[in-house]
Amino acid sequence: MKNICIVFDHPYTVDACHNEPHNRSFSAALVTEAQKSYEKAGVTGDVIDLHKDGFDPVMHKEDLIAWRKKKVIDSLVADYQERLLKADEIVFIFPIWWEAMPAMTKGFFDKVIAKGIINVECSVYIECN
């Protein structure tokens, strides 16, 4: 069975998928619809919700030293790496703010996609319907 991991970044979390004023996110609605589609197709979907998990995107001195040694000191980062390694595909869903990805997504790339631990072959697909 195919396994897809969705990495989601929005302060409102995936729970903001409903049309509730001041607590709604188009990105969260995309995650919810993707999960439904995957389920119908018999695909396993694993969602990493960075804000809900309390992910710390800052590369602290200790993190950088560990990164250079190909080690992980943050248990949440280690969990994310295990989940990504199990995935056949990784989907990133986040809003574009100021023509860039949010800082938490950038921190995810910096801390989780670590050299010698996670090797990623990228294909980029952007779909907006």
Determine, using the 4.5 Å side-chain heavy-atom cutoff (strictly less than), whether [X] and [Y] are members of one ILVMFWY cluster.
X: Phe108; Y: Val77; answer: yes
X: Phe26; Y: Val31; answer: yes
X: Ile96; Y: Met104; answer: yes

Residues 34-44, side-chain donor-acceptor partners within the protein, below 3.5 Å, at least two apart:
residue	atom	partner	partner atom	Å
Lys36	NZ	Glu33	OE2	3.3
Ser37	OG	Glu33	O	3.1

- Between Phe92 and Phe109, is the ring centre distance below 6.0 Å? yes

Rounded to the nearest 0.5 Å, what separation is found between the [atom1] atom of [X] and the [atom2] atom of [Y]?
X: Arg83; Y: Asp46; atom1: CZ; atom2: CG; result: 4.0 Å
X: Leu85; Y: Gln81; atom1: CG; atom2: CD; result: 7.0 Å
X: His10; Y: Ser25; atom1: NE2; atom2: OG; result: 3.5 Å
X: Ile6; Y: Glu89; atom1: CD1; atom2: CD; result: 10.5 Å

[Y] side chain reached by [X] side chain, heavy atoms, under 4.5 Å:
X: Thr105; Y: Val7; result: no
X: Asp74; Y: Tyr80; result: no
X: Ile48; Y: Asp79; result: no
X: Lys86; Y: Cys5; result: no

- Message: I need the full list of salt bridge (Lys or Arg N to Asp or Glu O under 4.0 Å) pairs touching residues 55-64, with sequence neighbours left out, sorted by first then second residue.
- Response: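 Of all non-adjacent pairs touching residues 55-64, those that pass salt bridge (Lys or Arg N to Asp or Glu O under 4.0 Å) are Asp63-Lys111.
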
Please name the pair of heavy atoms, one in [X] and one in [Y], separated by the smallest distance, quoted to 0.1 Å.
X: Pro95; Y: Pro102; answer: O-CD, 3.2 Å
X: Ile73; Y: Ala66; answer: CG2-CB, 3.8 Å
X: Phe94; Y: Met101; answer: CE1-CB, 3.5 Å

- Check: Phe55 main-chain N/O paired with Asp53 side-chain donor or acceptor under 3.5 Å: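 The answer is no, because no donor-acceptor pair under 3.5 Å joins these two groups.
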
- Keeping the roles fixed (side chain from Asp88, backbone from Asn3), state whether a donor-acceptor pair exists under 3.5 Å.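 A pair under 3.5 Å: yes.
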
- Task: For a side-chain contact (heavy atoms from CB on, under 4.5 Å) with Phe8, tell me which candidate from Val91, Asp49, Leu50 qualifies.
- Result: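 Exactly one candidate clears the test, Asp49.
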
